[in-house]
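In what follows, a structure is listed as structure tokens, so that the remarks can point back to it.
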Amino acid sequence: MTGTLGDAAATLSSAVPDPADAPWWTRAVVYQIYPRSFADGDGDGFGDLAGIRSRLDHLADLGVDVIWLSPIYPSPQHDNGYDIADYQDIDPRFGTLEEFDELLAATHERGMKLIMDLVVNHTSDEHAWFTDSRSSRTADKRDWYIWRDPRPGFTGGTPGAEPTNWRSFFSGSAWQWDEATGQYYLRLFAPQQPDLNWDNPDVRQAVYAMMRWWLDRGVDGFRMDVINLISKGEYVDVEPVTSGMPLGAEQYANGPRVHEYLQEMHREVFAGRDAELMTVGETPGTPLEHAQLYTDPTRAEVDMIFQFEHVGLDHGKGGKWDPATLDLRHLKANLARWQDGLYGRGWNSLYLNNHDQPRLVSRFGDDGQAAVEQGDVDGGNRTRYASATAWAAVLHLQLGTPFIYQGEEFGMTNVPFAGIEDFFDVEAVNHYAEAVQQQGADPRDVLAALRLMTRDNARTPVQWDDSVHGGFSAGSDRPDATPWMPVNPNYATINAAADRASSRSIFRFYQRLIELRHTDDVVAFGRFDLLEPDHEQLFAFTRTLGERVLLVTANLSGQACALPATCRRDGATLVLTNLSEDERGETDPAVLRPWEVRVTAVTVAATASVTAGAPDAGAGA
Ligand code: NOJ
């Protein structure tokens with residue numbers, strides 16, 4: 001089958017998950033590690049496997065079920081490891097295969113699973129497959145990548161000669177001129193990341209064999225990088241559009257054979273062993289209709305996907321580098337649409353942070369840094385704690401599998417980058433060069449946007465304690481090693497050790513959220529109903545499973561907020577709050593404090609139904 005939407009829509013399943021018979025990952029919480037910035041075990045300033053191993057107890061204490069490792073394979077690191085030169089080895093900067101096996105065993109011993117990053121839309125240009133492919137037009141693996149002649153009438157390598165007008169995610173054309181063989185190759189990301197040709201069955205079989213090799217080694221699944229881009233459509237020019245996606249995405253995002261390829265991958269790699277595994281596809285530019293297909297269990301593609309609509313809601317008309325203020329109503333409507341759309345049909349992933357996104361508490365919360373700068377350290381910390389936990393609760397108490405990104409669990413913030421020399425990421429550096437040098441933009445405007453949106457915000461070393469460089473190299477014999485990227489200067493006050501020792505601990509709040517997902521079926525499986533969709537401060541919803549109704553009310557603003565009657569239940573039991581013991585004594589049932597989240601539960605008669613906007617549902621139970 002071709003997997004086009006029309007063909008497949010009729011085959012969608014509609015089974016609401018049965019708690020007694022649900023896959024393990026429906027109750028799981030995943031923690032993402034970005035290895036180069038997580039922990040440095042050998043004191044060379046670069047995170048590594050030994051460092052990860054030394055911090056496993058932090059993750060076990062947190063209570064997470066799965067660790068997702070961003071790429072650790074040999075790589076020239078043009079895109080921090082998302083440019084892989086050898087899929088079946090470990091980059092010496094991170095360690096060895098033996099150390100990997102030890103890490104895997106140590107993870108399993110602590111009752112956690114480990115999934116690998118699978119980056120197979122493209123390889124590094126230093127991968128042996130590409131070295132062969134570019135060696136001549138008749139090379140064995142020429143067709144493993146996507147080679148095209150210059151545009152008719154143009155001389156290759158000159159402006160306008162690119163085969164199509166598609167843009168790279170990292171600025172400039174998506175086509176790279178190869179002088180030696182006189183053709184262009186497609187690279188949707190950096191020039192050093194040539195796209196594989198998935199229409200060639202040999203490519204697909206080589207990828208499947210590699211995946212089986214990792215599963216045989218004991219890994220528990222994969223996070224699949226931009227997996228919805230693997231099937232390209234027509235190589236034609238597209239109409240200029242203004243959106244967060246590069247020009248041309250309509251020709252390759254969720255392309256014609258992508259569902260077919262994922263079903264084939266499932267048959268070839270996962271069939272017969274999938275009960276213990278989990279898969280999550282990263283799928284930029286994917287509408288709900290395709291998500292239903294990707295995650296419908298009866299279609300056997302992937303368990304869940306990362307959708308991108310909600311993290312694009314603070315992008316302006318010019319996309320990511322044109323930041324706009326988030327309208328909470330839009331975010332609620334969007335997330336509710338995904339909650340409803342995948343309910344009983346597929347499965348949601350839940351995330352607001354990862355290595356490609358600015359820090360949540362700075363982006364949508366209040367990271368308190370303005371207060372700290374004015375000398376109010378305690379006030380700043382209080383606001384940071386409250387807003388980080390309020391956002392965590394609204395995310396984690398939705399239906400789906402939550403993902404936590406390193407440092408999120410104790411409220412790491414964005415970074416006060418000064419000038420362009422402070423940025424490391426290929427995306428940021430290229431954007432600055434294109435905007436300022438080629439398009440004449442005011443550098444101050446470009447820097448202002450970069451500070452808010454750059455992926456570098458997420459990539460500074462994890463702040464473990466208040467020792468030199470935030471304890472990033474603690475445990476090595478060179479604990480003062482200079483990290484590859486400077487630690488956020490706020491590490492002396494914002495760090496894991498300080499948070500865990502604090503009476504307002506973000507870490508402990510996350511522990512509780514994770515525990516709730518493990519122990520309360522309504523959190524894992526309850527139906528989601530949004531309340532007060534038009535409210536500008538309040539994110540409120542119910543989760544319903546049988547007789548149990550959870551009511552989540554969060555004030556996502558720095559001003560107090562009256563609780564509408566629809567968001568109150570008489571006789572409800574308090575399940576979770578981010579108020580301190582003292583503050584709790586003074587709670588007003590009708591008002592939420594700034595950034596307060598209040599989660600309550602009621603039991604309703606089995607026949608009663610609780611729907612959005614039904615104020616009396618469950619009252620008096
Ligand atoms: C998505 C990854 O998350 C991102 O970090 C990377 O740059 C691109 N894919 C290319 O692999």
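Atoms within each ligand, like the ligands themselves, are counted from 1 in listed order. Remember, it's a predicted structure, so these values are computed and weren't measured experimentally. As a basis for the values below, the full set of heavy atoms in this structure was taken, side chains included, without hydrogen atoms, waters or symmetry mates.
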Residue D356 vicinity, atoms of ligand 1 by number, heavy atom under 4.0 Å: 1 (C), 2 (C), 3 (O), 4 (C), 5 (O)
Please check if atom CD in E234 has more than 12 non-hydrogen atoms from other residues, nucleotides or ligands closer than 6.0 Å. no
Answer side chain, backbone, both or neither: which part of E282 comes under 4.0 Å from ligand 1, heavy atoms only. side chain
Just heavy atoms, cut-off under 4.0 Å: does H78 contact ligand 1 by side chain, backbone, both, or neither? neither
Decide whether the shortest distance between a heavy atom of H122 and an atom of ligand 1 is less than 4.0 Å. yes
Using a strict 4.0 Å cut-off to heavy atoms of F170, name the atoms of ligand 1 that fall inside it. 7 (O)
Under a 4.0 Å N-O cut-off, is there an ion pair linking D225 with R223? yes
I'd like to know if Q357 contacts ligand 1, where contact means a heavy-atom distance under 4.0 Å to any ligand atom. no
R187 with D83: basic N within carboxylate O range, under 4.0 Å: no
Quiz item: cation-pi between R459 and F424, 6.0 Å / 45°: no
Do the ring planes of H58 and F507 sit parallel (below 30°), tilted (30 to 60°) or perpendicular (above 60°)? tilted
Distance-only polar pair, side chains of Y34 and N80, donor-acceptor under 3.5 Å: yes
Per-atom contacts of ligand 1 with R455, taking only distances under 4.0 Å to non-hydrogen atoms: 4 (C), 5 (O), 6 (C), 7 (O)
Looking at R148 and E162, is there a salt bridge between them, counting it only when a charged N and a carboxylate O are closer than 4.0 Å? no
Proximity flag F169 to ligand 1, non-hydrogen atoms under 4.0 Å: no
Using a 4.0 Å cutoff against the non-hydrogen atoms of D79, which atoms of ligand 1 qualify? 6 (C), 7 (O), 8 (C), 10 (C), 11 (O)
Could you find the nearest protein heavy atom to atom 8 (C) of ligand 1 and give me its residue, atom name and distance? F189 CE2, 3.8 Å
Could you find the nearest protein heavy atom to atom 2 (C) of ligand 1 and give me its residue, atom name and distance? D225 OD1, 3.0 Å
In terms of atom number and element, which parts of ligand 1 are under 4.0 angstrom from non-hydrogen atoms of R459? 5 (O)
Stepwise salt bridge (Lys or Arg N to Asp or Glu O under 4.0 Å) test for K113 and E276: CA-CA 10 Å; K113 295 187 182 250; E276 299 304 318; 3.6 Å; yes
